[in-house]
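Bear in mind the structure is a predicted one, so any value in this text is a computation, not a measurement.
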Amino acid sequence: LPHFESLREQLQQLERSGIVLQELEVQVTALRGTYRQAADGLHAQRQKTAAALGKKVTAVMQELGMPGGRFVIEVDTADAERFTPNGTDRIEFMVTANKGQPLKPLAKVASGGELSRISLAIQVIAAQATAIPSMIFDEVDAGIGGGVAEIVGRRLRTLGERRQVLCVTHLPQVASQAHQHLRVSKDTQAKTTVTLIEALDR
């Protein structure tokens, strides 16, 4: 008798399989519609935010010694059927550091010093909405000097008012804005070289 009941239950499931499939297809269609609606809303918000952020970062870049620089965030929906947890968008940071040059992907055109300054520009703008406790900038002042270096120093100091900022620099205009100075040096003894870090007083 138990075997008979088991077989009968399996037969019922097989007979209902077409109905179950239709029910699942209806659910999938509904979920696709819900997802697309959410993805479209996210896409619109991203485009709006990307345009505003791009303008703000561009303004700070120009203050930091890139007078012809531009920063643009491209938000494209390459494939509307490509569903991911983060929506259907493809996002790319585009930049030009010099006036008259075309926008290209950030990773392909910026030098080390330019990347540092662009990063600083982004952090200056984003700092108002983030709570990152520590930031490290390595030679953010590469290739600049004079008044621009002073501006970089002031921007770093502003960031340092609400979080810890560590900056490797060779410029007095930048170093003068710091609350604490550490001198890093190398010492070669016999067959070994050691790095020394010394806290400086006034």
(request) Test side chain to side chain contact (heavy atoms under 4.5 Å, CB included) on Arg32 and Val28 and set out the steps. (result) CA-CA 6 Å; Arg32 278 179 178 275; Val28 167; 3.9 Å; yes
(request) Any chance you could lay out the side chain to side chain contact (heavy atoms under 4.5 Å, CB included) test for Leu103 and Glu74, step after step, and finish with the verdict? (result) CA-CA 11 Å; Leu103 289 164; Glu74 289 188 351; 5.7 Å; no
(request) Let me see the working for Glu150 and Arg154 under salt bridge (Lys or Arg N to Asp or Glu O under 4.0 Å), right down to the final yes or no. (result) CA-CA 6 Å; Glu150 189 176 343; Arg154 285 203 303 265; 3.2 Å; yes
(request) Take Phe137 and Leu159 through the side chain to side chain contact (heavy atoms under 4.5 Å, CB included) test and state the conclusion after the steps. (result) CA-CA 12 Å; Phe137 294 95; Leu159 282 178; 4.1 Å; yes
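Taking each heavy atom of Thr96 and Pro102 in turn, the nearest pair found is CB-O, 3.7 Å. Heavy atoms only, all atoms of each residue included: Gln180 and Ala199 are closest at NE2-CB, 4.2 Å. For the pair Val174 and Ala149, the tightest heavy-atom approach, listed with the atom from each and the gap, is CG2-O, 3.5 Å. Here the shortest heavy-atom pairing between Ala50 and Val75 reads CB-CG2, 3.9 Å.
Side-chain N or O atoms of Thr58 include one that pairs as donor or acceptor with a backbone N or O of Phe71 at under 3.5 Å. A side-chain donor-acceptor contact under 3.5 Å links Gln62 to the backbone of Gly69.
Taking CG of Leu196 as the start and CZ of Arg183 as the end, the distance is 8.5 Å to the nearest 0.5 Å. In this structure, Thr84 OG1 and Arg90 CZ are separated by 13.5 Å, a value rounded to the nearest 0.5 Å. With rounding to the nearest 0.5 Å, the separation of CD in Gln177 from CG in Leu171 is 12.0 Å. Taken to the nearest 0.5 Å, the CD1 atom of Ile73 stands 12.0 Å off from the CE atom of Met94. Rounding to the nearest 0.5 angstrom, the gap separating the CD atom in Glu63 from the CG atom in Leu120 is 10.0 Å. Here the CD1 atom belonging to Ile151 is positioned 12.0 Å from the CG atom belonging to Leu156, to the nearest 0.5 angstrom.
Counting heavy atoms of neighbouring residues, nucleotides and ligands inside a 6.0 Å radius, atom CG of Leu24 exceeds 12 of them.
The side-chain heavy atoms of Arg163 and Ser134, taken from C-beta on, include no pair separated by under 4.5 Å. His43 places none of its side-chain heavy atoms less than 4.5 Å from the side chain of Thr88. In this structure the side chain of His179 reaches within 4.5 angstrom of the side chain of Arg157, judged on heavy atoms. Side-chain contact check for Ile118 versus Met66: some heavy-atom pair is nearer than 4.5 Å.
The same ILVMFWY cluster, assembled from side-chain heavy atoms under 4.5 Å apart, contains both Phe93 and Leu53. Val168 and Met135 fall into different hydrophobic clusters, where Ile, Leu, Val, Met, Phe, Trp and Tyr side chains are chained together by heavy-atom contacts under 4.5 Å. The cluster map of Ile, Leu, Val, Met, Phe, Trp and Tyr, joined by side-chain heavy atoms under 4.5 Å apart, puts Leu64 and Val72 in different clusters.
Among Asp187, Thr193, Thr192, the single residue meeting the side-chain hydrogen bond (donor to acceptor under 3.5 Å, both in side chains) criterion with Gln189 is Asp187. Of the candidates Asp40, Asp76, Asp89, Arg46 forms a salt bridge (charged side-chain N to carboxylate O under 4.0 Å, His left out) with just one, namely Asp89.
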